[in-house]
Each structure stands twice: as structure tokens, then as C-alpha cells.
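The block underneath contains the structure these notes are about, expressed in C-alpha cells.
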Amino acid sequence: MSKDPGRSTSSSLRVLALLVAFVLVAAACGDSDDSESSDTASSDTTTAEAETTEAGASDATEAPAESAGGGAPRDFAALAAPSGEPMVIGMVNTEGPAGLNFPEIRTVAGSTVDYLNEHGGFGGRPVELEVCVADSSPESSQACAQELVGKNVEMVFLGLDLFPDYPTYDAAGVPLVGVLPLFPADFAAEALYLNGGNATLAAGITALAATEFEATNVAVVSADNPGANGSEASLLAALDAAGIAHRSIKGSDNETDAGFQGLVREALSEEPDLLISLYGDAGCIGMMRGRAALGSDIVTIAANTCAAGEVIEVAGDDADGWYFVGGGDQDDTAEFLAVKEAVAPAVDLAAEEVSLSDLGLGGLSHLMFFTMAVAANELADSGGEVTGQGIYDYAKANDAGTLRIFPEGGPLDCGAAAAYPSVCVFTVPIGTYAGDGQTMVVPGLEQLSVVDFLA
């Protein structure tokens, strides 16, 4: 499929609904620390000039190989500053329009690159980051593609670009890496997307319902707006493909507590095996309270926007019995600590105060840069030439089977689903409420496969 240049910004509502449903799935599991996030200014061009020093090897990584920087490929804290030829990497991000302004993606990218330029870079090469800001129009995306290609970037990361100009990048031989595919053209593009977006979320909900709860009949509750309706359509298609009967109940964007109780009461009226909520943010709290107020203990599945700290803090034990596609709190590991240190300057916090689950869309940046840095480090260790194309090809093939989403995500398996050739990860972690205001990843469901449930 080719990109439709006629897609207008009237798609914004649907895009935003996809983002709300998906962002924390993309960013993978959070941690147990509570914090407040804030944006800080960041330069559009980040460079590093440092000399290589010796660093110790790590024993906290799956891949035992020594990296070009002196440590294991995933043990960034042990890697020395890179000293090779700088690698120019481009990034496109949407900022400015009301409702489509995401500077946090850029600021987290900048601080992550700063960190990597002190810890191994990309396979021993420091990174120079060139950011081009799009305004949500096809023309601005095309201008960004032409600008970045003209700067001889070796690779482009798609922070949030509604209309990637795939033909320009293809013609210039510039590989693309993204996290959030939004439209059919994205799923079929010559690119690597590190998750399947709404398709993965819908398949994850369906996989959990079918394999863990053996549900044959479910109720789905969602708001009645263009974005929510798009998310619902993806879910209902996945449920149909799995042979799970469903009944859909619609509410408004801003229900009262009584309104949410009414939605839950209607959903439960035909005794479904479980409940699926597509509400996010405040709607998560309303649904949790509505279910609890009715005295129901029906298993409820939602995206892990409903596992965010600010939701659980308010809902408390009303979240008992809820399961979150995208995970929950995890104990800090060396990998989580590296990410916290990297993103801390972007949110103006000390590393120990950072909660990854509260980064919002900024989490897309650290996910992309760290994952591709691991690929670059492994490529360097294997004796391959560390270039943008080389890293892309290495990640796409993942012949060694060691690459997975950083810090604790699923393995890369690009092209495993023929209908989604650009998608590289087909597993999701499942979380649940654990009591005392905490969520947790369910043991045994750290990476639930969704391949068989993609519609």
C-alpha cells in the first residue's frame, strides 16, 4: 500500500485516541516510583566528543559478548564514551498544533542521546541528532524528509510523524525506525516499527481474553467519538477472528460517576465472561469506581494507561481484578536505571525520582534510541560495519535472537506477521493490580504472544 497524501488533519482525533490507548504499551513496563514530569528545553542538535576509556564487563545482561565500548551490549553504565566517527541521525516530530503538540518526544530524545554519547554511543560512534519539527501536515512531513536527507543522515527515527514521506527516504536509501504506526501505509512501509500500535493492543486484549480466561462472550465499553470508535473497530475485528462473541456499549467522553455505573450495569446485564474497557485516563478511574460501586468482581481488561500511577493513586483498591495490556510496575534493574538516568534531565528530576510510566509519549524516544543502540553494539561486537543501514539490517534480521525492546520488552521478530511487514514486536506484558496502590507484571505473562490474534 502507498501513502495517501490526501489524509487530512481531520484524522487527528483518531490518531490521538490511538496514542492514548497505545503509548504505555509502546514504552513497556513502568516502575514503582512516583514522580512528576515536566518538559525542559533541548537543542535540536546533540553532539559528543570524548575519548574511549576502559570500562568493566557486566554480568547483568542476556548477551555475554563484549561491546566495542568495553562492556556488554546492554550494560550501558559500563560502556565508555564513544570515540569513533560521529553518526548523524535524523528525527521527525510533530509539534505546534493544538492537540498534536509533543515536544516531550524531542526533549527525551535529546537527553537519551546525551546519555548514550557518554556510554558507548551507537557501536562506538557518537551520535549527532538532527530534529525536524513537522506541524501535522503532509507538506511539513515531506519538507522534513527532504531536509534530513539533505543533511546526509544515516538513519531517521520517527518520533511522531503523521505523514512520513516514505518515497523520499526510499529514494535516498535512508532507513527508518519508528514505534507508533498509525495508518495502513505505515504497517506496509519499508521501515522498522518496534510495536504494532493499535493492532497489537487489540490482539493483546484478545489473546489475554482467549488464552488466560477462556472467554467466549465479552462486553466492551468505550466512548463514542471518532478515535474511540477506531480503537473499538480494531478490537472487535480481533475478537471476531478469535470467535469471541461481543457486545459493545457506548458512553460519552466525560461521564459522571453515575454515568459510569450505568455503563457497567448495562455491560453486565447479559452476564459476559469478562469486561473490556477502552476508556483511558480519567475514564479508567470512572470505570473502576463504577464496577466497584456495583459490587462486581468481573475480570476487566484495559490498556495500561489505566495502570498509570495517577490512576491507581486515585482508584486504589477499586482497581482490584483489572488486567493491563502493556504491563505494570517492575523492580528496577540495571537497564531501567540506565533509562532513568538518561531521561532525568529531560524531566528535570533526579534519576531516582523518575517514573518511566509517567513519561507519556516521551517514552517513545528512549525506547527507540536504546533498542537501536543495543543493535549497534551487537553489530560492532560481531565485526560488522556500524552504519545506519547496517544497524537497520542487523535489527531486522535479528539472527542471533538476542535483540529485544529495551529495557524489558519483547524480542524483535520483524515481519513475523505477513499482514504487518514493518512491525517487529509481537508480544506484550500483562499487568494487574497487586494491592496497596501497586500494579505488577503477572508472572508467566511477561511477554504474551499476540501473533495468532492479529486481525
Side-chain angles (χ1 to χ4, degrees), residues 16-17 19-39 104 201 205 219-223 225 227-228 231 249-268 274-331 347 349 353-363 429-442:
L16 287 176
L19 294 174
V20 168
F22 169 65
V23 58
L24 295 181
V25 179
C29 307
D31 49 66
S32 57
D33 296 331
D34 294 324
S35 67
E36 295 180 358
S37 298
S38 62
D39 293 325
E104 65 272 22
L201 175 61
I205 292 173
V220 179
V221 179
S222 64
N225 61 52
S231 299
I249 295 89
K250 291 289 188 180
S252 68
D253 292 334
N254 298 297
E255 292 282 353
T256 63
D257 282 349
F260 279 114
Q261 286 184 40
L263 291 174
V264 175
R265 183 181 294 109
E266 174 64 18
L268 301 182
L274 54 80
L275 178 64
I276 297 171
S277 173
L278 296 181
Y279 272 97
D281 301 320
C284 299
I285 299 170
M287 286 293 294
M288 290 173 179
R289 286 176 169 171
R291 171 180 169 274
L294 294 176
S296 174
D297 60 359
I298 188 172
V299 168
T300 305
I301 301 175
N304 79 332
T305 48
C306 289
E310 60 269 24
V311 172
I312 298 301
E313 182 178 357
V314 175
D317 289 345
D318 287 348
D320 187 42
W322 281 61
Y323 288 79
F324 311 109
V325 176
D329 299 332
Q330 286 192 358
D331 293 334
V347 293
L349 292 169
E353 298 175 325
V354 172
S355 176
L356 299 185
S357 63
D358 292 333
L359 286 179
L361 287 172
I430 303 300
T432 192
Y433 181 68
D436 297 325
Q438 301 292 318
T439 64
M440 62 172 289
V441 174
V442 179

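No experiment lies behind these values; they were computed from the predicted model shown.
Side-chain atoms of Thr300 come within 3.5 Å of backbone N or O of Ile298 as a donor-acceptor pair. Put simply, the side chain of Glu255 gets close to the backbone of Ser252: a donor and an acceptor are under 3.5 Å apart.
Every residue meeting the side-chain contact (heavy atoms from CB on, under 4.5 Å) condition with Ile285, not counting sequence neighbours, appears here in chain and number order: Arg289, Val311, Val314. Every residue two or more places apart in sequence or in another chain was checked for a ring pair (Phe, Tyr, Trp, His ring centres under 6.0 Å) with Tyr433, and none qualifies. For Ala223, the side-chain contact (heavy atoms from CB on, under 4.5 Å) partners two or more places apart in sequence, or in a different chain, are Asn225, Ala228, Asp253, Tyr279. In this view, Ser222 and Lys250 satisfy the side-chain hydrogen bond (donor to acceptor under 3.5 Å, both in side chains) rule, not counting sequence neighbours.
Met287 is listed as a side-chain neighbour of Val264, based on a closest heavy-atom distance under 4.5 Å.
Nearest heavy-atom pair across Leu201 and Ala303 is CD1-CB, 3.9 Å. Closest approach of Ala267 and Leu275 over heavy atoms only: CB-CD1, 3.7 Å. The two residues Gly327 and Ala307 come nearest to each other via the heavy atoms O-CB, 4.0 Å. Considering all non-hydrogen atoms of both residues, Ala219 and Ile249 come closest at CB-CD1, 4.3 Å.
Among residue pairs with one or both ends in residues 292-318, none qualify as ring-ring contact (aromatic ring centres under 6.0 Å, His included); sequence neighbours excluded.
Note: Leu268 CG to Leu263 CG = 10.5 Å, rounded to the nearest 0.5 Å. Separation of atoms CD (Gln261) and CG (Leu294) is listed at 5.5 Å; rounding is to 0.5 Å. Here the CG atom belonging to Leu274 is positioned 5.0 Å from the CD1 atom belonging to Ile301, to the nearest 0.5 angstrom.
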List, one per line, each side-chain donor-acceptor pair under 3.5 Å for residues 319-326, sequence neighbours excluded.
none

Exercise for the section: Begin from the C-alpha positions of Ile312 and Gln438 and carry the test side-chain contact (heavy atoms from CB on, under 4.5 Å) through to its verdict. Expected result: CA-CA 7 Å; Ile312 298 301; Gln438 301 292 318; over 6 Å; no
Practice task
Test Met288 against Ser277 for side-chain contact (heavy atoms from CB on, under 4.5 Å), laying out the working first.
Solution key: CA-CA 10 Å; Met288 290 173 179; Ser277 173; over 6 Å; no
